[in-house]
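To keep things clear, I will list the structure first and then write my remarks on it.
As a basis for the values below, the full set of heavy atoms in this structure was taken, side chains included, without hydrogen atoms, waters or symmetry mates. All of these numbers come straight from a predicted model, not from anything done at the bench.
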Amino acid sequence: MKILNIIGALALGALLLTSCANHDLIADRGELGQVLPTVDWEQSSKVVKAGNYAGFKAKYYTSADRQINHSEVWAQVKREQTASATSKLTTSLSYNKSYSVTDTVRSAQSVATFPHSAAEWDGYEFVLTDSFPTSRTLAPVTWKVPAQWDAEKFSQYYPEGFDTEFVDHMVEALTKDSTYYNDLRGVYITYDFKKELFEQLNAKYGVNFPTETETDKKSDAWFTQVKNAKGELVDEVDHYYYITVVNEQTTYVEIANPEDAPEGVNVFPVYKSSEWLFSRYSDDTGGKITTVRAKYMPYWKDLISTIPFVDWIYDSSNKVYNVDFSRSYYLQPTFRVYDTEGKVGVTSNNEEITLN
């Protein structure tokens, strides 16, 4: 009795291994131990132009007591999208924002059906040499460094809020401190801010900053040196400062004269400069350091926040907008053979097709 049980178990195991070689029994609506058509195929190409046909050569057979009804090609569509934008209004601050996503845009479905009569018997199995269609709507899409801005394309290709997040990053990076002092200065000098905007911000913050719009005049307004009697630009000492550190917090204490400092502290010069700047000698670097005074930074933050996304990414040298978008589609096909009882054999040796 034990011997019969062992033989029966081995036979059942062999049947299961044979049936599972190329198929998912559950996915094919089968029951354990069912007889399915045995299926194999070779695809002609891994790359096909969207709208053209993809060729294949399939081979299949089933048991002697079964009959084949027809075969089908099923395909699932996968989409890959990447998009990025790069800042060009600044130099030291080189920012690139990007995103990518891969998703299934169409679940597996039948794209072609072939009658069993189309296959030929080669003495061992049925052979079907044919092709299945692809869709022209799945052609790849690219939009890269355009010379003309297209707001409609941007809204179609980029996720909602991408431009807002980009601008927020640029504004925050330039105004959270003076790490990108030269870039902030450069944006102020070169960007075409309107006089009315300067006037509005002056009224809002109660300051009297220059309202000049010409580049050279704005450059002169943002000064850290003055002309001496010979007309040379020099660092002119305006007053002095010393440093205190309390609970690891550094404070720069500004004083009119060195003798106003507590005894024993090191005193350094503060150079004459625009009202919103703190231009000082640093003993750490052995030279001049200039930063934007913290109390005036909200003014500059409001100012550059008015710059639209397209101006941040415009490359004035090459006269293009630095965006880069691409969309590609891929077919994930399978070949399926149906017998007259509705049992389905499905290929496992499938190759993804790139549509170009």
Test side chain to side chain contact (heavy atoms under 4.5 Å, CB included) on Asn69 and Asp339 and set out the steps.
CA-CA 5 Å; Asn69 182 272; Asp339 68 17; 5.9 Å; no

Nearest 0.5 angstrom please: Phe335 CZ to Asp40 CG, how far?
10.5 Å

Any pair counted as side chain to side chain donor-acceptor pair (under 3.5 Å), so long as it reaches residues 245-255, sequence neighbours left out
His239-Glu254, Tyr252-Arg280, Glu254-Arg293

Do the side chain of Thr354 and the main chain of Val47 share a donor and acceptor less than 3.5 angstrom apart?
no

Would Glu165 and Lys97 satisfy side chain to side chain contact (heavy atoms under 4.5 Å, CB included), going step by step from the backbone distance to the final call?
CA-CA 9 Å; Glu165 292 174 6; Lys97 179 176 174 59; 3.0 Å; yes

For the atom pair NZ (Lys78) and OG1 (Thr102), what is the distance rounded to the nearest 0.5 Å?
6.0 Å

Would you say Thr175's side chain and Met297's backbone share a donor-acceptor pair under 3.5 angstrom?
no

Cut-off 3.5 Å, no hydrogens considered: what does the side-chain donor-acceptor table look like for residues 256-263, sequence neighbours left out?
residue, atom, partner, partner atom, Å
Asp260, OD2, Asn257, N, 3.1

Any idea which heavy atoms bring Phe198 and Leu303 closest together, and the distance?
CE2-CD1, 3.8 Å

Show your working on ring-ring contact (aromatic ring centres under 6.0 Å, His included) between Trp276 and Tyr299 and close with a plain yes or no.
CA-CA 10 Å; Trp276 56 87; Tyr299 177 101; 7.7 Å; no

At what distance, to the nearest 0.5 angstrom, does CD1 of Ile353 lie from CZ of Phe56?
10.5 Å

Expected output: side-chain Ser328 to main-chain Glu80 donor-acceptor under 3.5 Å
no

Shortest non-hydrogen contact from Asn349 toward Trp41
ND2-O, 2.9 Å

The single option from Thr291, Leu174, Leu277 passing side-chain contact (heavy atoms from CB on, under 4.5 Å) against Tyr181:
Leu277

Could you give the side-chain donor-acceptor pairs of residues 81-95 under 3.5 Å, partners two or more places apart or in another chain?
residue, atom, partner, partner atom, Å
Gln81, OE1, Arg327, NE, 2.6
Gln81, OE1, Arg327, NH2, 2.9
Thr82, OG1, Ser326, OG, 2.8
Thr86, OG1, Asn96, ND2, 2.8
Ser87, OG, Leu93, O, 3.4
Ser87, OG, Tyr95, N, 2.9
Ser87, OG, Tyr95, O, 3.4
Thr90, OG1, Leu93, O, 2.5
Thr91, OG1, Asp183, OD1, 3.0

Shared ILVMFWY cluster between Val253 and Ile289, side chains joined below 4.5 angstrom?
no

Is there a chain of hydrophobic side chains (I, L, V, M, F, W, Y, each step under 4.5 Å between heavy atoms) that links Val101 to Phe166?
yes

Identify the two heavy atoms, one from Asn52 and one from Thr134, that lie closest to each other, and give their separation to 0.1 Å.
O-OG1, 2.6 Å

Apply side chain to side chain donor-acceptor pair (under 3.5 Å) to Thr290 and list each qualifying residue two or more places apart in sequence or on a separate chain.
Ser279

Euclidean distance, Tyr61 OH relative to Tyr124 OH, rounded to 0.5 Å:
13.0 Å

Testing the basics here: between Tyr158 and Asp324, what is the closest heavy-atom pair and its distance to 0.1 Å?
OH-N, 3.2 Å

Below 3.5 Å, can you tabulate the donor-acceptor pairs from side chains in residues 106-119 to any protein atom, sequence neighbours excluded?
residue, atom, partner, partner atom, Å
Ser110, OG, Glu72, OE1, 3.3
His116, ND1, Tyr60, OH, 2.8

Heavy-atom count check: over 12 atoms from other residues, nucleotides or ligands less than 6.0 Å from Tyr53 OH?
no

Quick one: are the ring centres of Trp149 and Phe154 less than 6.0 Å apart?
yes

If you round to the nearest 0.5 Å, how far is CG of Asp150 from OH of Tyr157?
8.0 Å

Would you say Val127 ends up clustered with Val73 if hydrophobic residues are merged whenever their side chains have heavy atoms under 4.5 Å apart, either directly or through other cluster members?
no

Phe209 side chain reached by Leu201 side chain, heavy atoms, under 4.5 Å
no

With a cut-off of 3.5 Å and sequence neighbours excluded, list every side-chain donor-acceptor pair involving residues 211-218.
residue, atom, partner, partner atom, Å
Lys218, NZ, Tyr188, O, 2.9
Lys218, NZ, Ile189, O, 3.3
Lys218, NZ, Tyr191, O, 2.6

Residues which pass side chain to side chain donor-acceptor pair (under 3.5 Å) with Asp284, listed by chain and number, not counting sequence neighbours:
none

Qualifying residues under salt bridge (charged side-chain N to carboxylate O under 4.0 Å, His left out), relative to Glu199, sequence neighbours excluded
none

Minimal non-hydrogen separation, Ala50 against Arg136, with atom names
O-CG, 3.8 Å

For Lys301, which residues count as a salt bridge (charged side-chain N to carboxylate O under 4.0 Å, His left out) partner, sequence neighbours excluded?
Glu172

Between Val167 and Leu197, is there a shared hydrophobic cluster once you connect ILVMFWY residues whose side-chain heavy atoms come closer than 4.5 Å?
yes

With salt bridge (Lys or Arg N to Asp or Glu O under 4.0 Å) as the rule and sequence neighbours excluded, what pairs involving residues 228-246 come up?
Asp235-Lys288

Give the minimum heavy-atom separation between Tyr329 and Val105, together with the two atoms involved.
CE2-CG2, 4.3 Å

About how many Å separate NZ of Lys46 and CD of Glu351, when rounded to the nearest 0.5 Å?
4.5 Å

In chain order, what residues pass the salt bridge (charged side-chain N to carboxylate O under 4.0 Å, His left out) check against Lys194, with sequence neighbours excluded?
Asp192

If you link ILVMFWY side chains whenever their heavy atoms are less than 4.5 Å apart, which other residues fall into the same cluster as Val145? By chain and number, please.
Val320

Check: Val323 main-chain N/O paired with Trp143 side-chain donor or acceptor under 3.5 Å
no

Full working for side chain to side chain contact (heavy atoms under 4.5 Å, CB included) between Val77 and Leu331:
CA-CA 5 Å; Val77 180; Leu331 293 184; 3.7 Å; yes

Dump the intermediate steps for side chain to side chain contact (heavy atoms under 4.5 Å, CB included) on Val35 and Glu341, then the final yes or no.
CA-CA 10 Å; Val35 177; Glu341 296 184 10; over 6 Å; no

Hey, quick one: are Val141 and Leu355 part of the same hydrophobic cluster, counting side-chain heavy atoms closer than 4.5 Å, chains of contacts allowed?
no

